[in-house]
Amino acid sequence: GDSVTQMEGPVTLSEEAFLTINCTYTATGYPSLFWYVQYPGEGLQLLLKATKADDKGSNKGFEATYRKETTSFHLEKGSVQVSDSAVYFCALTPRGSARQLTFGSGTQLTVLP
Amino acid sequence: DVKVTQSSRYLVKRTGEKVFLECVQDMDHENMFWYRQDPGLGLRLIYFSYDVKMKEKGDIPEGYSVSREKKERFSLILESASTNQTSMYLCASSPPGTDTQYFGPGTRLTVL
């Protein structure tokens, strides 16, 4: 079945540091790929997504590129802020389907001032 | 904006009790989902529904049931709560033809 593997956390960075959170997936065909973010005490929010190979999703300074050849969708941000402290989830769903999201285990990010 | 609401943010129940978790969405979405979130395991799908009175099992349906009598409301039922059902429960919805789900704030359930 489909699966998503994320780098384990927690990750602690200083403000303005560069962020990478690795995500690789196993799926048949061409899934849609997502990054969701969960701020403390809240539900999940869609951060960005990409639906086909080489697409780059971006939002709030975060970026991730759909790499079919390496089955990866790594999340990056050039300069993190304290307000980026949250749990980040990589996820996939079969293309064009909202029937089921398969999530990674989540990565806790803490940004220190 | 899409709004998904859940009836409680925090809930404490005793073993053996029947527990109802309610989820309401205001955007006329066909699809609705219940997940549980546990540390180190991410989110796992319990049940989903793609129409009124329709339901399908997710990855971990054991010990749970669901009800969808109206399009905007999707209920998760724990017939006899057990301590291993202590978890964060998240509801989500999505419109047809898209692959983006919108999540509620979650209900943290503790079963003593």
Side-chain angles (χ1 to χ4, degrees), chain A residues 1-11 21-27 29-52 55 57 59 66 73 86-108, chain B residues 1-10 21 23-25 27-51 54-61 74 87-108:
Chain A
D2 296 346
S3 66
V4 176
T5 302
Q6 277 182 247
M7 69 182 279
E8 291 190 14
V11 174
I21 301 178
N22 290 337
C23 171
T24 58
Y25 67 90
T26 302
Y30 294 86
S32 296
L33 302 175
F34 305 82
W35 279 100
Y36 279 85
V37 58
Q38 185 179 35
Y39 297 104
E42 298 184 13
L44 273 69
Q45 301 174 25
L46 178 65
L47 180 60
L48 55 85
K49 72 176 191 181
T51 58
K52 60 182 188 293
D55 264 3
N59 186 25
Y66 190 143
F73 193 55
V87 181
Y88 292 81
F89 292 92
C90 186
L92 67 81
T93 192
R95 173 89 63 84
S97 166
R99 292 299 175 91
Q100 181 162 354
L101 277 168
T102 298
F103 285 89
S105 57
T107 302
Q108 171 77 56
Chain B
D1 277 355
V2 176
K3 190 162 187 184
V4 180
T5 57
Q6 295 183 227
S7 51
S8 305
R9 293 301 300 269
Y10 300 94
L21 302 181
C23 175
V24 177
Q25 49 93 4
M27 287 302 292
D28 203 37
H29 288 173
E30 269 74 9
N31 302 315
M32 296 188 75
F33 308 82
W34 275 107
Y35 295 88
R36 66 176 280 175
Q37 180 182 5
D38 299 291
L41 297 177
L43 277 73
R44 293 177 292 167
L45 182 66
I46 304 171
Y47 269 96
F48 64 96
S49 168
Y50 50 88
D51 203 350
M54 306 297 285
K55 61 185 179 184
E56 288 193 26
K57 293 180 179 179
D59 298 321
I60 52 164
F74 191 36
S87 186
M88 170 73 87
Y89 290 87
L90 291 165
C91 175
S93 71
S94 71
T98 75
D99 51 17
T100 299
Q101 295 184 17
Y102 299 87
F103 284 81
T107 295
R108 186 166 292 282

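Computed from a prediction, not measured in an experiment: that's the story for all the values here. A note on names: the letters A, B, ... follow the listed sequences, proteins ahead of strands, and every chain is numbered from 1.
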> Do you know which of B:Ala92, B:Gly40, B:Pro39 has the most heavy-atom pairs with chain A at a distance under 4.5 angstrom?
Replying inline: B:Gly40

> In a check of side-chain contact (heavy atoms from CB on, under 4.5 Å) between B:Gln101 and each of B:Ser94, B:Ser93, B:Cys91, which one passes?
Replying inline: B:Ser94

> Under 30°, 30 to 60°, or over 60°: which ring-plane class applies to A:Phe103 and A:Phe89, parallel, tilted or perpendicular?
Replying inline: perpendicular

> Which of parallel (below 30°), tilted (30 to 60°) and perpendicular (above 60°) describes B:Tyr35 and B:Phe33?
Replying inline: parallel

>> What part of A:Gln108 gets within 4.5 angstrom of chain B, counting heavy atoms only: side chain, backbone, both, or neither?
In response: neither

> Parallel, tilted or perpendicular for B:His29 and B:Tyr102, by the 30°/60° rule?
Replying inline: tilted

> Taking atom CD of A:Glu42 as the centre, does the number of heavy atoms from other residues, nucleotides or ligands within less than 6.0 Å exceed 12?
Replying inline: yes

> Parallel, tilted or perpendicular for A:Tyr25 and A:Tyr66, by the 30°/60° rule?
Replying inline: perpendicular

>> Counting only non-hydrogen atoms closer than 4.5 Å, does B:Gln37 touch chain A with its backbone (N, CA, C, O), its side chain (CB onward), both, or neither?
In response: side chain

> Is it the backbone or the side chain of A:Leu44 that comes under 4.5 Å from a heavy atom of chain B, or both, or neither?
Replying inline: both

> So what's closer than 4.5 Å to chain A heavy atoms on B:Leu90: side chain, backbone, both or neither?
Replying inline: side chain

>> If you count heavy-atom pairs within less than 4.5 Å of chain B, which of A:Ala91, A:Gly104, A:Ser105 leads?
In response: A:Ser105

> Checking heavy atoms, do the side chain of B:Arg44, its backbone, both or neither come under 4.5 Å from chain A?
Replying inline: neither

